[in-house]
Amino acid sequence: MRHRPRLLAFAASVLLAAGLVSVASPASAANLLGNPGLESGSLSPWSCSLGSVVSTPVHSGTKALAGAASASDNAQCTQTVAVVPSTAYSLTAWVRGNYVYLGVTGGASTWTSNANYTQLTVNFTTAAGQTSAQVYLHGWYGQGTYYADDISLDGPGGSSAPGVPGNPSVGTVTNSSVALSWGASSGTVTGYRVYEGTTVRATVTGTSTTITGLATCSAHTYTVAAYNSVGESAKSGAVSTTTTGCTTAPPTPGGVLITGTTNTSISLAWSPSAGATGYRVYEGTTLRTSVTGLSATIGGLTACTTYTYSVSAYNANGESSKSGTASGTTTGCVNSGLPKHALIGYLHASFANGSGYVRMADVPAAWDIINLSFGEPTSVTSGDIRFNRCPVAECPNVESEADFIAAIRAKQAQGKKVLISIGGANGQVQLASTAARDTFVSSVSAIIDRYGLNGLDIDFEGHSLSLNAGDGDFRNPTTPVIVNLISALRTLKARYGSSFVLTMAPETFFVQLGYQFYGGTCSGCDNRAGSYLPVIYALRNDLTVLHVQDYNSGPIMGLDNQYHNMGVADFHIAMTDMLVAGFTVANTGITFPALRRDQIAFGVPAAVSAGGGYTTPAAVQQAVNCLVKNQTCGGYTLRGGTSPDFRGLMTWSINWDRYYNWEFQNSHEPFLNALP
């Protein structure tokens, strides 16, 4: 690391000896660099990889540039200015730190290593036809932070529009005026124009102004552009504020949307609210931050997790109601190994059910997830799950276990996922004790290990899940059968790691009905209503796919507060939109948050004999086109927006689909593959 500066010094001496580094005297002119001493408090118009503005150590004034060079980044800061061809310029800077470099991109440079501020100088002459020059400062890899101050490029300005000014900030605000200031623009600047929308509100030569003549308690948004004889720069970023004198609380802000995500943060923005002095961002009922502008970034979040936010406006007179919600998902999700849009089916592996037995090797390659149906308990409360393959008496064409396992391996080699599905209509599972929970974990693990499966599907129906009276917060359930199931699934996920596929197939009764009735709080309703919600919520970061059974269902109320009936596109649209948008759980005031779009699918019967609610392929595809593209939605308006990452379609069952000549598979696999 320490040899590189000596080599550069040697190279510089060679260039000087060859006369390649110009030492011509520069033409005298004002400093062409914007924000040369960082006194604006921001980096603009400097562009830095690892730069910041600091108050100490400085060479003069109150601010300086700090570049925190790392092992992989030399913390370069650059600024591009307009210059005159074939003209001499002098670039200077006061610097301190290990191996600080000053130079012109594509041209001359110099460096020093000094614990105290030292002035560096680079003289150069622009080439014929050159109209811009980029100057830079940087440190060296792994050598720590360097500092720079009083940076100057002396010479005549070129004939081009100036650079973009720094974003404006708000100073004193009165009933009728707003004070603004901003960072200086690079290049030759004649003056600055302050815009409100497309209207110029002020033209000044300095970097501050006060806008007057405003209405009391009114909201305003400003940008700034620099100009010279050649033209005007692009506009700066915007700043918003409200004049004082408000006598009522502001109206509810609108237009809340997610503007960016990282592994640990979500950024959002919204429209201004007249009379607001600030805004509060809520995650559910929790206040996450208060800001004066129209955007915020919430940090400290978990990777690959969906969060839902609303915004209120406030002033001295009170706070508005909360806005509509916006949901975003942090990045960092583990690749599930599934196609973007998957075809999911249940395979009768332990019974024939009138449709006939289908051997694993005969399942077509169209199916991306194959759920082996079913693992069932030895008794309702034992937690002891057994998977018994279909007996020869019922399934004469059943393959040997060795062939069954070999066929599973062949599917997995093609990228398919084979899961054990627990429950079904006849397999009631109530983990009422910790002993049953532990038995569930060990017995399910034994099935997964025996057949080398990719994961687990939870298909608890009937009376497997219910809520005890008073268990009213799905985020913190107290009912043992729910608490123990959550614990068991977390244990299995931890045992098998991030590649473990976890899916769920609840009926609408256990999920969407929770919008109207919740079993732990409602009086006189079925205590199973919405009882899957705490399980889904607790496993929301581990859940691969939730494919609610949109069949064998009564009418269910959607977010439009209308009842929807199964068997038509409208039902699938409304039920799925509830998961995309999130919804308030009945009688609790708590919002069940939206799931990630890639976690959401819906289930339909493969044929009329497979279950109530059969939906024609055309109607199924109408629903998917609405959800994915906001097309063919009929009279329903999506509350959760479009879902381009919608995971796909589930059906009961692969056996019934074969019985009806593969209508489901042949209709929907090419359709899903053609989606964006």
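Note that the structure is predicted; figures quoted are calculated from it, not measured. Below, all heavy atoms of this structure are taken into account, side chains as well, without hydrogens, waters or symmetry copies.
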- request: Indicate the ring-plane relationship of F351 and H348, choosing parallel, tilted or perpendicular according to the 30° and 60° boundaries.
  value: parallel
query: Going from NZ on K417 to OG on S499, what distance comes out if it is rounded to the nearest 0.5 angstrom?
result: 7.5 Å
message: The test is side chain to side chain donor-acceptor pair (under 3.5 Å); show your working for N561 and Y515 and say whether it passes.
response: CA-CA 10 Å; N561 292 326; Y515 178 57; 2.8 Å; yes
- request: Over all heavy atoms of both residues, which pair between L502 and L543 is shortest? Give the atoms and the distance, please.
  value: O-CD1, 3.5 Å
- prompt: Are the side chains of V620 and F671 in touch, meaning some heavy atoms are under 4.5 Å apart?
  reply: no
field: Approximate separation, where rounding is to 0.5 Å, of I298 CD1 and T261 OG1
entry: 13.5 Å
query: How are the rings of Y496 and F500 set relative to one another: parallel (under 30°), tilted (30 to 60°) or perpendicular (over 60°)?
result: parallel
message: Within the 4.5 Å heavy-atom criterion, are D560 and Y636 side-chain neighbours or not?
response: yes
- prompt: How far apart are the closest heavy atoms of S553 and F571, and which atoms are they?
  reply: OG-CZ, 3.7 Å
- request: Please check if atom OH in Y659 has more than 12 non-hydrogen atoms from other residues, nucleotides or ligands closer than 6.0 Å.
  value: no
- request: Quick one: do Q512 and V548 satisfy side chain to side chain contact (heavy atoms under 4.5 Å, CB included)? Show the steps, please.
  value: CA-CA 9 Å; Q512 287 92 342; V548 173; 3.6 Å; yes
query: What pair of heavy atoms forms the shortest contact from V311 to L268, and how long is it?
result: CG2-CD1, 4.2 Å
query: How many angstroms lie between atom CD1 of I486 and atom CG of L431, to the nearest 0.5 angstrom?
result: 11.0 Å
field: Within residues 393-429 or reaching into it, pairs that qualify as ring pair (Phe, Tyr, Trp, His ring centres under 6.0 Å) - sequence neighbours excluded
entry: F404-Y451
query: Taking it one step at a time, do D550 and M566 satisfy side chain to side chain contact (heavy atoms under 4.5 Å, CB included)?
result: CA-CA 7 Å; D550 284 2; M566 64 179 183; over 6 Å; no
statement: Closest heavy-atom pair, G423 versus E376, reported as atoms and distance to 0.1 Å, is O-CG, 4.0 Å
query: So among V580, T576, I573, which one has a side-chain contact (heavy atoms from CB on, under 4.5 Å) with L638?
result: I573
Stepwise side chain to side chain contact (heavy atoms under 4.5 Å, CB included) test for Y518 and F474: CA-CA 9 Å; Y518 191 59; F474 65 83; 3.4 Å; yes
message: Any heavy-atom pair between the side chains of T330 and I266 that's under 4.5 Å?
response: yes
message: Once rounded to the nearest 0.5 Å, what's the spacing between atom CD of Q562 and atom CG of D570?
response: 9.5 Å
- prompt: Can you tell me if Y346 and D459 form a side-chain donor-acceptor pair at under 3.5 Å?
  reply: no
query: With no hydrogens and no angle check, is any side-chain donor or acceptor of Q549 less than 3.5 Å from a backbone partner on A505?
result: yes
- request: Could you tell me whether a side-chain N or O of D657 sits under 3.5 Å from a main-chain N or O of E663, the two making a donor and an acceptor?
  value: yes
message: Students often mix this up, so state it plainly: with edges at 30° and 60°, are the rings of Y660 and W656 parallel, tilted or perpendicular?
response: tilted
- prompt: Is a side-chain N or O of S445 found less than 3.5 angstrom from the main chain of V441, in a donor-acceptor match?
  reply: yes
- prompt: Counting distance only, does the side-chain N/O of D368 pair as donor-acceptor with the main-chain N or O of L343 below 3.5 Å?
  reply: yes
query: Just by distance, do the side chain of T262 and the backbone of T264 share a donor-acceptor pair under 3.5 Å?
result: yes
query: If we only count heavy atoms from C-beta on, is the V568 to T615 side-chain gap below 4.5 Å?
result: no
message: Side chains of T503 and T544: any donor to acceptor distance under 3.5 Å?
response: no
- prompt: Looking only at atom types and distance, does a side-chain atom of H547 sit under 3.5 Å from a main-chain N or O of I600, one as donor and one as acceptor?
  reply: no
Side-chain touch T434/R437, heavy atoms, less than 4.5 angstrom: yes
message: If you compare all heavy atoms of A623 against all heavy atoms of A569, which two are closest, and at what distance to 0.1 Å?
response: CB-O, 3.7 Å
- prompt: Is the CG atom of N426 crowded by more than 12 outside heavy atoms at less than 6.0 Å?
  reply: no
- prompt: If we only count heavy atoms from C-beta on, is the F592 to I536 side-chain gap below 4.5 Å?
  reply: yes
query: Any side-chain donor paired with an acceptor under 3.5 Å for T479 and D471?
result: yes
- request: I would like to know whether V535 and L489 meet side chain to side chain contact (heavy atoms under 4.5 Å, CB included); could you show each step before the answer?
  value: CA-CA 9 Å; V535 181; L489 296 179; 4.2 Å; yes
- request: Ignoring hydrogens and angles, state whether a donor on the side chain of Q621 or H668 is under 3.5 Å from an acceptor on the partner side chain.
  value: yes
message: Please check this pair: side chain of Q412 against backbone of G452, looking for a donor-acceptor N/O pair closer than 3.5 Å.
response: yes
- line: When N484, D384, L492 are each screened for side-chain contact (heavy atoms from CB on, under 4.5 Å) with F440, the one that passes is L492
Ring geometry between F602 and H572 (parallel below 30°, tilted from 30 to 60°, perpendicular above 60°): parallel
message: Distance check, rounded to the nearest 0.5 Å: R658 atom CZ versus D362 atom CG?
response: 8.0 Å
query: Hey, what do you get for CG (D577) to NE2 (H564), rounding to the nearest 0.5 Å?
result: 9.5 Å
- prompt: Is R596 reaching over with its side chain to a backbone N or O of G328, donor-acceptor style, under 3.5 angstrom?
  reply: no
message: Looking at R389, I want to see if its CZ is surrounded by more than 12 non-hydrogen atoms of other residues, nucleotides or ligands under 6.0 Å.
response: yes
- prompt: Is any side-chain heavy atom of P605 less than 4.5 Å from a side-chain heavy atom of W652?
  reply: no
message: Using a 3.5 Å distance criterion without hydrogens, assess whether the side chain of R647 forms a donor-acceptor pair with backbone atoms of D598.
response: yes
query: Looking only at heavy atoms, what is the nearest atom pair of I447 and I385, with distance?
result: CD1-O, 3.7 Å
- prompt: Can you tell me if N476 and Y537 form a side-chain donor-acceptor pair at under 3.5 Å?
  reply: no
message: A side-chain contact here means heavy atoms from C-beta on lying under 4.5 Å apart; do T591 and T325 qualify?
response: no
message: If we count only N and O atoms by modelled type, under 3.5 Å, do the side chains of T305 and N541 hold a donor and an acceptor together?
response: yes
- prompt: Charged N to carboxylate O below 4.0 Å: is that the case for E507 and R528?
  reply: no
- request: Would you mind checking if K340 and D645 are paired as a salt bridge, meaning a charged N to carboxylate O distance below 4.0 Å?
  value: yes
query: Ignoring hydrogens and geometry, is there a side-chain-to-backbone donor-acceptor pair from R639 to T637 under 3.5 Å?
result: yes
